[in-house]
Amino acid sequence: MEILLAAAIGVLVAAAAYLLLARDLPRALLGFVLLGTAANLSIFAAGRIGTMVPPLVDQGERALAADAANPLPQALVLTAIVIGFGLAAFTLVLIRSAHDAFGTASADEMDEAERPDETPGPAAVAPAAASPSHRREAA
Amino acid sequence: MDVFFFQSLTLPLVVGLAGAAGVALCRPALAARLGALCAVICLAAYVGMAGAVTTAQSLAMPFWGIPSLGVAGGLQLDGLSLVFALLITGIGALVLLYAGRYLQGDPRLPRLMVLLLLFMTSMLGAVTADDVITLFVFWELTSIASFFLVGYDHERLGARKAALQALLVTGGGGLALLAGLVLVSIVAGTTSLSGIIAAREVVLADPLAMPAMLLVVLGCFTKSAQFPFHFWLPNAMAAPTPVSAYLHSATMVKLGIYLLARLNPVYQDVVLWQDLLTWAGLLTAATGALMALRETDLKRVLAWTTVTALGTLTLLIGLAPELSATAAVTFLIVHALYKAALFLIAGIVDHETGTRDATALGGLGRAMPVTAAAAALAAFSMAGLPPFVGFVAKEIVYEAKLAAGGMAGVVASVGFLVNAAQVAIAGLLSWRLFFGPLRPTPTQPHDPPKSMLAGPVLLALLGLLAGAAPSILGTWLVDGAVAAILGRPADVPLKLWHGFTPVLALSVATVALGVLILAGWARLGPRLRRAAPLDRFGPAAAYDRALAGLVAWAEGTTRAVQHGSLRGYMRTLLLVTALAPLGVLVARGGLALPEAAPVDPRALAFLLIAAGAVATALARGLFAAVMAMGLVGFGTAIVFLTFGAPDVALTQFTVEVLLVVILATVLIRLPLRARDARTGRQRASDAAVASMLGLSVALVLLAVLASPFDPRLGDWFGAQSVPGGHGRNVVNVILVDFRALDTLGEIAVLAIAAFSVLALLRGAGRRLRTGT
């Protein structure tokens, strides 16, 4: 069971990495979300899995039954899911803003700060003129 | 020890620094005089202290120690230091005076004065330091001063390149020197120079002795322009002439010689030391003589003869019994006198005629008689003609070479040729320049003002006076310095007339050959200049190639590491993340499989996750990818649900639905290239990297699951939930009670993210409107 879960998580991480390496940022975002899911599942698995009994203390009992699931990873994962969602939403809007500013969603074409194989000349100057800060000044 | 202030060794350093500050503040017209005055005060101070310095006695006082670092500090004035100190201050005063006139009207004159005074102070500090660290600091300060002075005309590319070359060569050697000095101090147990010399047996017995010696010698060779590091010195002639006269002939380039002489008592019996110095010196002297005959620029001619002189000095220290030590000190003083004079004369010629090209100049004697007389005096000393001190020096140098044991034949015959070249060049600089037919020059030549004439005339006259009474020079200066070089007093009297000896015959032959070379110079020079291999395969060319290679290597590394491609950075990150843990896991034997529970239908959810992940990665369109990602989310939620985590499952469901809806909404509104833009090859290599990472994570997770589990934390929460938190849902109690502050933080993070999203959306909308 655990081996199968580990294999599934491995596939999930591989898919996430493959997407992160894509040139367009929306795909990278999908990879990012998948990577978060893989992390959550890893935490969950590391707290040991197997039982189907939720960590609820039965009526009349003072402590959790021995066959109940480990509550700690669940608490951690719960927090992580919500934070991951917030981060994904924020990144999504960033990508959209970048797309509005640069007219592209490809990471290779957003090279304001660093340019692969620096080629000084008109080609290097033109995109800089269209940078967001310049536009803001113009507005 | 108690000495009154005028005998204080720190006085010249204080005066030099104060003078530099004063020169920076005063009017340019006064700067040169104030600077020369400072140098004269320092000179007077050293003359005053000279009485306290004998062959057996030296002045010492504490200075700038760092006891916590084991740096002893301290200044010392013995015979060797005194010779250098007198040359530095004496020639310094004349050069400063000269420079004020030479560069009159130049707005940068005060800066030059400040740098010259700082240089003088550093030199004095270096030659009076009794501590290797103090010595090193002053040593490097002279290199830095030299950098700025060579690059004085910083708007000229040639000057900048020459300055950088001088700094890189001497600075690189300086690093070797530092390492060598530190090694020596560790071995000797003290940083004090006199302490190191006293502990010579201990120093030599240590296995580190040879590496330390080689490093120190390397530093000295770069500073004193020994082959193969000699090439920076002629290029340093890009500096103004007073600077060349002062730094690059009389003082700074002799600092390496100074340290070799200073450490000679330690190493004089080491065969490697003797051989290194002898052969490097010989090669340097020969190279300098050959190259000097190739040049037509007066300053470069002089620079190459300086290289020759430095080689001769190194050679003499390498030979090292009494005779050659005496010869070295005498030649050192003599060379400083005539070479500084000749440099200053070359500057006068350049200043008054507008050219320094030896082939274009001639017959200047009628227009500038005083200059011509001074040039003749200095050149006679250089050529080693009686009754000049140069003759005394040359005689004793020949004597020392002939007494050099097994190597006497080689050393003396190379010395003979080198000296003949020196005679020829001395003739070039006096006879050809000032006598014979007058050649037209860009400007009408005439004698310069007194402040420019003072230097060469005084130095040339000193050469004549010292030649007339060499025994005074011997007892006053040379003997003390020789005692310092040998570590014991030596009794070699300096004489002008030795009688009819083989050495005299050698001298006569030298002059005869020199005159022959001079007569043939007009034909020999151009032929040598055409010998291109000398330029193409010399150390200078190697330096250029090394520098170009270094820059290219730096460029290549920067391009490889800072390539600017996000994908590239990401690949590196992911690969390291994959390989580092995997490497440790394999190397430490951590690979393990957990004791697995039997497989039940819940594993279908795993299959759903894996299938969804693959589908997301391989989906053609972006929209399909979002849907496939939703599949992964639902699979995950099912895992949570079926493994006893209903709360987490609920959250996962909610978030997944929201995310898919938001993604679909936002992405669909953007005119995006829907297809993955990677080429097939890129996909393949990306897939390889990704698989590596997936494998790594899976194996690490399995290793974690195979290790023993510590359930205490979970058990504690399970036991404390009802009594402590008054709740039966343990996960809830953890979130809102035990870890309530974390949850508050989480809420804050979400709120901030929401506000940021809002701000970005509004901003983006406004930009879009103004942009269209």
Side-chain angles (χ1 to χ4, degrees), chain A residues 1-15 17-23 26 30 34 37 42 46 48-57 62-64 69-72 74-75 77-79 81 83 85-86 89-90 92-93 96-97 99-100 105 107 111 114-116 135 139, chain B residues 563-567 570 574 594 596-597 599 603 606 609-610 613 616-617 622 625 629 636 643-646 648 651-652 655 666-667 670 672 676-677 686-687 690-691 693-694 697-698 701-702 704-705 709 713-714 717-719 722 728-731 734-735 746 750 753 756-757 760 764 768 770:
Chain A
M1 203 71 172
E2 282 90 343
I3 299 172
L4 285 181
L5 180 56
I9 290 173
V11 172
L12 193 51
V13 168
Y18 182 78
L19 285 168
L20 276 172
L21 286 168
R23 278 190 197 171
L30 297 188
L34 288 190
T37 309
S42 299
R48 301 301 186 271
I49 53 165
T51 176
M52 292 179 71
V53 183
L56 299 172
V57 182
R62 297 282 294 166
L64 199 57
N70 187 354
L72 186 61
Q74 294 193 20
V77 169
L78 212 89
T79 310
I81 291 173
I83 293 280
F85 168 69
F90 178 65
L92 179 65
V93 176
R96 199 189 119 162
S97 295
H99 177 267
D100 289 349
D111 50 2
E114 294 175 67
R115 232 165 275 279
R135 284 193 181 193
Chain B
H563 42 62
S565 156
L566 185 62
R567 262 169 51 79
M570 194 63 101
L574 294 179
V599 177
F606 305 160
I609 292 172
T616 316
L622 204 52
M629 194 201 73
T636 310
F643 283 88
V648 186
T651 315
Q652 181 76 36
V655 161
V666 174
L667 292 182
L670 298 178
L672 288 169
D676 191 339
D686 286 355
S691 312
L693 185 68
V697 169
L701 187 60
L702 285 175
V704 167
L705 290 175
F709 182 62
L713 211 51
F717 283 120
V722 173
R728 297 195 172 273
N729 184 336
V730 183
V731 176
I734 292 175
L735 284 176
E746 181 199 345
L750 271 188
S756 310
V757 164
L760 273 172
L768 271 181
T770 53

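In what follows, every chain begins at residue 1, and chains take the letters A, B, ... in the order their sequences are listed.
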Quiz item: At a heavy-atom separation under 4.5 Å, does B:Ser691 approach chain A through its side chain, its backbone, both, or neither?
Solution: backbone
Quiz item: Between B:Ile734 and chain A, which part of the residue has a heavy atom less than 4.5 Å away: side chain, backbone, both or neither?
Solution: side chain
Quiz item: Are the side chain of B:Glu746 and the backbone of A:Ile83 linked by a donor-acceptor contact shorter than 3.5 Å?
Solution: no
What heavy-atom pair brings [X] and [Y] nearest, and what distance separates the two atoms?
X: B:Leu574; Y: A:Ala17; result: CD1-CB, 3.9 Å
X: B:Leu701; Y: A:Ser42; result: CD1-O, 4.0 Å
X: B:Ala610; Y: A:Val11; result: O-CG1, 3.8 Å
X: B:Gly718; Y: A:Val57; result: O-CG2, 4.4 Å
X: B:Ala625; Y: A:Leu30; result: CB-CD1, 3.5 Å

With respect to chain A, which residue among [options] yields the maximal number of heavy-atom pairs within a distance under 4.5 Å?
options: B:Ala645, B:Ala753, B:Ala698; result: B:Ala645
options: B:Ala603, B:Ala597, B:Ala719; result: B:Ala597
options: B:Val697, B:Leu735, B:Val722, B:Leu705; result: B:Leu705

Are any non-hydrogen side-chain atoms of [X] and [Y] less than 4.5 angstrom apart?
X: A:Asn70; Y: B:Phe709; result: yes
X: A:Phe90; Y: B:Leu760; result: yes
X: B:Phe643; Y: A:Met1; result: yes
X: A:Gln74; Y: B:Val648; result: yes

To the nearest 0.5 Å, what is the distance between [atom1] on [X] and [atom2] on [Y]?
X: A:Ile81; Y: B:Thr651; atom1: CD1; atom2: OG1; value: 5.5 Å
X: A:Leu72; Y: B:Leu713; atom1: CG; atom2: CG; value: 5.0 Å
X: A:Leu4; Y: B:Ile609; atom1: CG; atom2: CD1; value: 11.5 Å

Quiz item: Who passes side chain to side chain donor-acceptor pair (under 3.5 Å) against B:Asp686, sequence neighbours left out?
Solution: B:Arg567, B:Arg571, B:Arg678
Which one wins on heavy-atom pair count under 4.5 Å against chain B: [options]?
options: A:Gly86, A:Ala89, A:Ala46, A:Ala75; value: A:Ala75
options: A:Ala14, A:Ala7, A:Gly10; value: A:Ala14
options: A:Ala69, A:Ala63, A:Ala8, A:Pro71; value: A:Pro71
options: A:Leu12, A:Leu21, A:Leu20; value: A:Leu21

Self-check item: Contact origin within A:Ile9 toward chain B - heavy atom pairs under 4.5 Å
Solution: side chain
